[in-house]
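One structure below.
When reading the values below, keep in mind they use all heavy atoms of this one structure, side chains included, and skip hydrogens, waters and symmetry mates.
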Amino acid sequence: MHYSFPNSCVSVQCEECRYLRVGHSRECPTSFTSAFEDTNISFTSSFTARASVTNHWLRQAFIVNLGFALLIALRYLSTPTSTPSGPEAWAFALTNWFGQFAVLSMIAYTLIMPFFMLVRSQKFQQILFVLLTTFIQLLLLLDTFVYEQFRFHINFLVFEMFLKGHGQVIAVDNYSLSILLFSAIAIGAIECFVLGKIWNKTLIPEGRPKFSLSSGKVLALGFGIFTLSQVIYSLADFYQYRPVVRLGLVFPLSEPLKMKNFYASLGLIPKESVASSQEKLNLEDNSELNYPLSPIRCQKRSKLNVLWIVVDTLRSDMVTSEIMPIAYALSQTAQSFHHHMSGSNSTRHGISSMFYGIPGTYFESLRASQTAPILMDEFRRQSYEMGIFASAPLTMPEFDQTVFSHIPGLKTLSRSETDYGRDQEVTEEFHRFLDHHDKTRPFFSFLFFDALHQSNMPPDYPKLFEPARDRSSHLDLSAADPTPYFNRYKNSAHFVDTKIGQVLSELKKSGLDATTVVLLTADHGEEFNDNHLNYWGHNSNYSDAQVHVPMVIRWPRKGHNDLEHLTSHYDLAPTFMKHVLGCASQPDAYSSGKDLFLKQDFEWIVEGTSDNYAVIRKNDVTTVKFGSMSEVTDHHLKALETEPDPAMLQQVFHEMRRFYKSH
């Protein structure tokens, strides 16, 4: 291979001359062998010299590409719903903008540098780097458009739907393709020109690096600024300052730092200052949401009370006369929906789907803007007395900032150190609530029992189901025999059932049971290797074991009815808005659900979040996990020989962005 160098090697046969001075002479050796004979230089020193120059050039190239990326990333801040408002928001946006991309650049450099050290041909190095950086910059540019349109960042699902959807999901016309091609050519040409200039300035004939942009200082500065942005966000999260919090997921690969509990535990910020600061800072609504889509029209329909009972991880098959006799007896006098699905396999999105009736993809925006559900706001507007009693903390998940964000005096944490102790505390709090209830007003009470989440119960509680584990631990789960674990879970369900019995007994003693709608359900289910794939617990798949939950509603004067149509948590808000609060607005103005009592199967529902979710239909489940398309299965994770339905996914994408403001 021949190389030309000004003032040095005119034409040589060895690559080493590109980097090494031969002695103190500017003459080049006539052959690879003579170079080593004349200077006694080993191959190791040759590799070190080549690596030094390549490493130096790469650092400069990454800094230049950081600048390109920063320019493109400004598009994320240019949309109306992502533009910072106020100095604090701009401080976070700009520090996160520069810091995040600097850190990503540093990580990319660290990963790619060892590989490039092994490539001997500098021509190949340069071509490969230009192709790689052109692709990344083009991908970043595309992501700005995807985020603007869908409110989530580009992932493998988008590519798969583009390739397999035949234009039904993501349509790209010839004009768009031409723009895409032009952008790729333009970015590639700029990369070639700029990186070529850097290469020429990096070397002098003797091979020592000459040109430098102080890349180490730039990257160190970027890391420091990124750290500063996370501190700003964590403080904004602590004070629940909307203008900053809503910008947390604007940039790709963002995972903002939340240290609310940490700050409070250390006493670094006085707790009493939080409420006043929140009231002061949250006056301006900077939400990117368009929820509801239109004003809601409601006329007070009745004075029905509502008792909303949620049991964490309660499976649909637990409501039996043997396992939960109280809940079973309730179901025999109520509307029992036997094919009811949660809105997720996790607590955060399972509970939010009950009250908002929209997919979990909106949760972060709801939290950032502290937008309460239309359902809860309407209960308050109609002067319902609120009694919110939860065994699990309402701060994590952040229901104090979402579902119950507008509830004054909200109690977010119970005192007992054990979950079964907290369940008893919830029961007692409801008793006191009824004792002091203003009988001239209807009430809404939410009870959240948590002992079943860890399959716990008091040590002296009788073990009705044997053999059962003596303790609950997720670390020693085994696929061999789930029976002892499942029996412990059933024993815990029986214990929680006694708490439900105490609650219903207090309601009856108060004389309010005849005018109270009683709802019993769960945030999600719990799996005990039901599908023989070694899945345990929840939050890992969307099979029936994890998302099929009980739904029992005892409605005054409605009697008992076993209902077999497909229903979901999304249907709860429309049902209560219509039949309790007298709202005439169409459900699609504020929900993805329908009236439970219409007896219509849902066509499909979305469960989970934007990068880890499933589309549930009557006969199949299409799972999208961590941004990549997985196989279509039945409700027990058995793979089906079918492709995802592009038309259905087009509807899903629409529903996942329908409640955002249009641009």
**OP:** Run the numbers on Y660 and S365 for side-chain hydrogen bond (donor to acceptor under 3.5 Å, both in side chains), then give the verdict.
**Re:** CA-CA 9 Å; Y660 285 120; S365 294; 3.3 Å; yes
**OP:** Kindly determine whether D312 and L452 satisfy side chain to side chain contact (heavy atoms under 4.5 Å, CB included), including the steps that lead there.
**Re:** CA-CA 6 Å; D312 202 331; L452 191 59; 5.7 Å; no
**OP:** For T575 and L596, work out which heavy atoms get closest and say how close.
**Re:** OG1-N, 2.8 Å
Original post:
Can you check whether I358's main-chain N or O pairs, donor with acceptor, with S592's side chain at less than 3.5 Å?
Top reply: no
Original post:
Without hydrogens or angle criteria, can the side chains of T361 and Y613 be said to hold a donor-acceptor pair below 3.5 Å?
Top reply: no
**OP:** Measure the spacing between CG of D377 and SG of C298 and express it to the nearest 0.5 Å.
**Re:** 11.0 Å
**OP:** Report yes or no: do E655 and Q651 form a side-chain donor-acceptor pair below 3.5 Å?
**Re:** no
**OP:** Take T622 and W604 through the test side chain to side chain contact (heavy atoms under 4.5 Å, CB included) and record every step on the way to the result.
**Re:** CA-CA 10 Å; T622 301; W604 52 263; over 6 Å; no
Original post:
Between D423 and A451, is there a donor-acceptor pair closer than 3.5 Å when you use the side chain of the first and the backbone of the second?
Top reply: yes
Original post:
How far apart are the closest heavy atoms of I374 and P292, and which atoms are they?
Top reply: CD1-CD, 3.3 Å
Subject >> Pairwise distance OH(Y461) to OH(Y420) - rounded to 0.5 angstrom >> reply: 13.5 Å
Subject >> H636 side chain near D544 side chain, heavy-atom distance below 4.5 Å >> reply: yes
Original post:
Centres of the Y291 and Y362 rings: under 6.0 Å?
Top reply: no
Subject >> Side chains of Q502 and E506, donor plus acceptor under 3.5 Å >> reply: no
Original post:
Are N541 and T623 close enough, and set up right, to give a side chain to side chain contact (heavy atoms under 4.5 Å, CB included), and what steps lead you there?
Top reply: CA-CA 8 Å; N541 65 59; T623 304; over 6 Å; no
Subject >> Identified side-chain contact (heavy atoms from CB on, under 4.5 Å) counterpart of I500 within the set T498, L504, V503 >> reply: L504
Subject >> Min side-chain heavy-atom separation F404-T402 under 4.5 Å >> reply: no
Subject >> T521 side-chain N/O to P550 backbone N/O, donor-acceptor pair under 3.5 Å >> reply: yes
**OP:** Ignoring hydrogens and angles, state whether a donor on the side chain of D400 or T395 is under 3.5 Å from an acceptor on the partner side chain.
**Re:** no
Original post:
In Å, rounded to the nearest 0.5 Å, how long is the span from CE of M396 to OG1 of T347?
Top reply: 12.0 Å
Original post:
If you round to the nearest 0.5 Å, how far is CG of N539 from CD of E526?
Top reply: 10.5 Å
Original post:
Does some side-chain heavy atom of M551 sit less than 4.5 Å from a side-chain heavy atom of L572?
Top reply: yes
**OP:** Kindly compute the distance separating CG (D588) from CG (L293), expressed to the nearest 0.5 Å.
**Re:** 7.5 Å
**OP:** Would you check if the side chain of R348 reaches a backbone N or O of P397 as a donor-acceptor pair within less than 3.5 Å?
**Re:** no
Original post:
For the residue pair F448 and F446, does the interplanar ring angle fall in the parallel (under 30°), tilted (30 to 60°) or perpendicular (over 60°) class?
Top reply: tilted
Subject >> Approximate separation, where rounding is to 0.5 Å, of D571 CG and F597 CZ >> reply: 10.5 Å
Subject >> Modelled atom types, side-chain donor and acceptor of H339 and E564, under 3.5 Å >> reply: yes
**OP:** For residues Y384 and F444, establish whether the separation of their ring centroids is below 6.0 Å.
**Re:** no
Subject >> Expected output: side-chain N305 to main-chain F443 donor-acceptor under 3.5 Å >> reply: yes
**OP:** Give the minimum heavy-atom separation between K490 and I323, together with the two atoms involved.
**Re:** CD-CD1, 3.5 Å
Just list the side-chain donor-acceptor pairs under 3.5 Å for residues 324-337, sequence neighbours left out, or say none.
{"unit_1": "S331", "atom_1": "OG", "unit_2": "Y328", "atom_2": "O", "d": "2.5"}
{"unit_1": "T333", "atom_1": "OG1", "unit_2": "L330", "atom_2": "O", "d": "3.0"}
{"unit_1": "Q335", "atom_1": "NE2", "unit_2": "K558", "atom_2": "O", "d": "3.4"}
{"unit_1": "Q335", "atom_1": "NE2", "unit_2": "G559", "atom_2": "O", "d": "2.9"}
{"unit_1": "S336", "atom_1": "OG", "unit_2": "S331", "atom_2": "O", "d": "2.9"}

**OP:** Would you check if M577 and L375 make a side-chain contact, meaning some heavy-atom pair closer than 4.5 Å?
**Re:** yes
Original post:
In chain order, what residues pass the ring-ring contact (aromatic ring centres under 6.0 Å, His included) check against Y570, with sequence neighbours excluded?
Top reply: none
**OP:** Locate the shortest heavy-atom distance separating S591 from G357; write the atom from each residue and the value.
**Re:** OG-O, 3.1 Å
**OP:** Quick one: which residue pairs count as a side chain to side chain donor-acceptor pair (under 3.5 Å) with a foot in residues 437-451, not counting sequence neighbours?
**Re:** E385-H437, D438-T440
Original post:
Taking 4.0 angstrom as the limit, do R422 and E425 come out as a salt bridge?
Top reply: no
**OP:** Answer whether the closest heavy-atom distance between the side chains of F465 and Y489 falls below 4.5 Å.
**Re:** no
Subject >> Heavy-atom donor-acceptor pair, E607 side chain to V547 backbone, under 3.5 Å >> reply: no
Original post:
What closest approach, in Å, do G608 and H349 show between heavy atoms, and which atom pair accounts for it?
Top reply: O-CG, 4.2 Å
Original post:
In a check of side-chain hydrogen bond (donor to acceptor under 3.5 Å, both in side chains) between Q546 and each of S344, S346, S540, which one passes?
Top reply: S540
Original post:
E398 versus Q370: any side-chain heavy-atom pair under 4.5 Å?
Top reply: no
Subject >> Closest contact, heavy atoms only, L507 versus T516 >> reply: CD1-OG1, 3.9 Å
Subject >> Distance-only polar pair, side chains of N345 and E527, donor-acceptor under 3.5 Å >> reply: no
Original post:
Can you check whether N487's main-chain N or O pairs, donor with acceptor, with N491's side chain at less than 3.5 Å?
Top reply: yes
Original post:
Under 3.5 Å, is there a donor-acceptor pair linking the side chains of S414 and S416?
Top reply: no
**OP:** Mark yes or no for whether H565, through its side chain, and F602, through its backbone, hold a donor-acceptor pair below 3.5 Å.
**Re:** no
Subject >> Polar contact flag, side-chain donor to acceptor under 3.5 angstrom, H569-H340 >> reply: yes
Original post:
Centroid-to-centroid, F379 to W308, below 6.0 Å?
Top reply: no
Subject >> Worked check of side chain to side chain contact (heavy atoms under 4.5 Å, CB included) between V549 and L314 >> reply: CA-CA 7 Å; V549 296; L314 181 61; over 6 Å; no
**OP:** Measure the shortest side-chain to side-chain distance between V403 and Y356 over non-hydrogen atoms and say whether it is less than 4.5 angstrom.
**Re:** yes
Original post:
Quick check: does any side chain N or O of H635 sit under 3.5 Å from a backbone N or O of R617, one acting as donor and the other as acceptor?
Top reply: yes
Original post:
Any side-chain heavy atom of K499 sitting closer than 4.5 Å to one from V426?
Top reply: no
Original post:
Does a side chain donor of either H524 or S342 reach within less than 3.5 Å of an acceptor in the other side chain?
Top reply: no
Subject >> Aromatic ring pairing F92/Y233, orientation class (parallel under 30°, perpendicular over 60°, tilted between) >> reply: tilted
